[in-house]
Amino acid sequence: MKIDLSNSGITESEIKKYKKDLEKAHNYIYEKTGVGNDFLGWVDLKYDVTELERIKVAASKIRKQSDLLIVIGIGGSYLGAKAVIDALSHTFNPKNVIFAGNNMSSDYLNDLLDYIKDKDISLNVISKSGTTIEPAITFKVLREYIEKKYGAEKAKDRIFVTTDKEKGVLKELANQKGYETFVVPDDVGGRYSVFTPVGLLPIATAGINLDVLLNGVYDAQKKYSKLENNDCYNYAIARNILYKKKKKIELLVNYEPKLHYVSEWWKQLFGESEGKDGKGLFPASVDNSTDLHSMGQYIQEGERTLFETVINIKKPYRDYTLNCEQNSMDKLDYLNGKTLNEINHKAMEGTIIAHTRGNVPNIILEVEKLDEANLGELLYFFEKACGISGYLLGVNPFNQPGVEAYKKEMFRLLGKV
Ligand code: PA5
């Protein structure tokens, strides 16, 4: 993949001005001297073969014994897996991995209980802290359901726990009941955990090739580790330059519906990492061309506080050539012989021209094809850019103190002692 800043209004010399700050941020990461330095495990994360094998074996056991794996987790404990699975799966084929415990809707839970009634299921409950209320409630309900359905002994084989290596309620429960457990590394925060067992077990269960995905990540670790000519660092710098130019909102734009959850994952990554100390770009997203018909007006002519980062997937898996008769009633002759991918790209190019003219700077990220290796690279690119960008902004990109405030009020209202 590569970055194109030619529509961002950012000059080479503006980027160069960040040389010293970038060096500092880079050293914060590689010398572990910055704030939040105990959460840098994702930077050079490597798998030992045995652990990866254990994940693959568990995934194949789940696939054999179940129609469905229900992944129970919230925030960083589900968005990465959901993003990867959606991006790499057939849009309409029913999925064998579904997600719960990411909300407290009674309708969602009841609908889920209806849906699984005649299906064989396994559970993968994921919580680093082991105490998060949404997955805790859903896990309690589904654990009781599964124990009733299969009996306590057999249920044990259908429950997989991903949590801290030694502490937390979930770990205690897993030890007591004898569930198979996977570890969320101490030095990896939820939103940076997609390439740990948090993401990998659900992803492998969905039938996605972990080796190819991880090779993409390992290549990216190398590619984006150098101080100079680093697209990932240029993206981090460009965001900070635009923020200083009074752009307050970054819109992640895609033209591929399968990327919807990549945007959801990206929003958490950047929002939770940078939105603190009264600072930070607000990360938002649009799915085009769909949202050009809803949000397009605002982007073109609303408040000029936006810039866009466009993910341009160059080649589809399968293209579709239009055959349009001359002079037919539908007046689509001008599209005759064109492919849908070509048309989608013209919509993208036209939108970039129009938005840029409308004073919405555009950063383009070019990705050759939406496959395992490129997706691994793209997600790592964002993680690394986020760490660097947060340091350039002057915040700790690895903590999230603000998420405790609402919990305190909620627990007080619920009478938790
Ligand atoms: O990035 C984060 O730290 C959060 O989004 C967490 O992943 C989320 O709150 C879930 O936490 P836990 O895994 O402890 O249940």
Side-chain angles (χ1 to χ4, degrees), residues 35-43 45 70-84 99-104 123-143 159-174 179 181-203 261-276 280 282-283 285 379-380 382-387 389-390 395-411 416:
V35 282
N37 54 13
D38 40 356
F39 284 100
L40 288 166
W42 55 273
V43 177
L45 194 76
I70 306 175
V71 176
I72 305 169
I74 195 164
S77 288
Y78 95 102
L79 282 168
K82 174 82 176 142
V84 172
F99 294 84
N102 51 51
N103 59 64
M104 289 194 274
L123 306 179
N124 179 201
V125 57
I126 307 173
S127 177
K128 187 174 184 186
S129 61
T131 54
T132 310
I133 187 168
E134 292 90 343
I137 293 172
T138 303
F139 182 47
K140 179 184 167 50
V141 174
L142 292 182
R143 187 176 70 242
I159 297 178
F160 300 81
V161 174
T162 308
T163 190
D164 187 88
K165 65 176 183 311
E166 53 194 15
K167 52 182 196 300
V169 180
L170 204 48
K171 178 65 185 165
E172 278 166 34
L173 194 72
Y179 303 144
T181 57
F182 294 90
V183 172
V184 190
D186 282 343
D187 55 357
V188 181
R191 58 191 177 275
Y192 292 86
S193 70
V194 52
F195 301 119
T196 73
V198 170
L200 295 184
L201 180 57
I203 291 169
Y261 267 90
V262 167
S263 297
E264 295 304 308
W265 170 86
W266 173 91
K267 284 194 270 191
Q268 184 200 357
L269 179 68
F270 280 91
E272 218 167 50
S273 299
E274 293 195 316
K276 51 196 70 154
F282 184 82
S285 63
L379 298 191
Y380 183 83
F382 281 137
E383 289 181 348
K384 186 76 184 292
C386 186
S389 180
V395 299
N396 176 352
F398 307 114
N399 67 358
Q400 54 283 332
V403 299
E404 292 312 310
Y406 90 90
K407 288 186 193 166
K408 209 170 125 203
E409 293 308 317
M410 173 182 70
F411 288 134
K416 185 181 179 197

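Both counts, for ligands and for their atoms, begin at 1 and track the order of listing.
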Counting from 1, what ligand 1 atoms have a heavy atom of [X] closer than 4.0 Å?
X: Ser129; answer: 12 (P), 14 (O), 15 (O)
X: Ser127; answer: 12 (P), 13 (O), 14 (O), 15 (O)
X: Arg191; answer: 1 (O), 2 (C)

Less than 6.0 Å separating the ring centroids of Trp266 and Phe270?
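Between Trp266 and Phe270, the centre distance is under 6.0 Å.
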Between [X] and [Y], does any side-chain donor sit less than 3.5 Å from a side-chain acceptor?
X: Asn399; Y: Lys276; result: yes
X: Lys128; Y: Thr163; result: no
X: Ser129; Y: Asp164; result: no

Between Tyr380 (side chain) and Val43 (backbone), is there a donor-acceptor pair under 3.5 Å?
yes
Gln268 side chain to Leu79 backbone, donor-acceptor under 3.5 Å
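Flag not set: sc Gln268 to bb Leu79 has no pair under 3.5 Å.
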Hey, does Gly76 come in under 3.5 Å of ligand 1, counting only N/O atoms on both sides?
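N/O-N/O distance under 3.5 Å: yes.
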Distance-only N or O hit between ligand 1 and Gln268, under 3.5 Å:
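Yes, Gln268 has an N/O under 3.5 Å of an N/O on ligand 1.
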Candidate with minimal heavy-atom separation from atom 12 (P) of ligand 1, of Val188, Leu170, Thr132, Leu79
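Shortest heavy-atom distance from atom 12 (P) of ligand 1: Thr132.
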Got the closest protein heavy atom to atom 2 (C) of ligand 1, with its distance?
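Going atom by atom, the protein heavy atom closest to atom 2 (C) of ligand 1 ends up being Glu272 OE1, 3.3 Å.
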Which residue and non-hydrogen atom of the protein lie closest to atom 8 (C) of ligand 1, and at what distance in Å?
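The closest one turns out to be Ile74 O, 3.5 Å.
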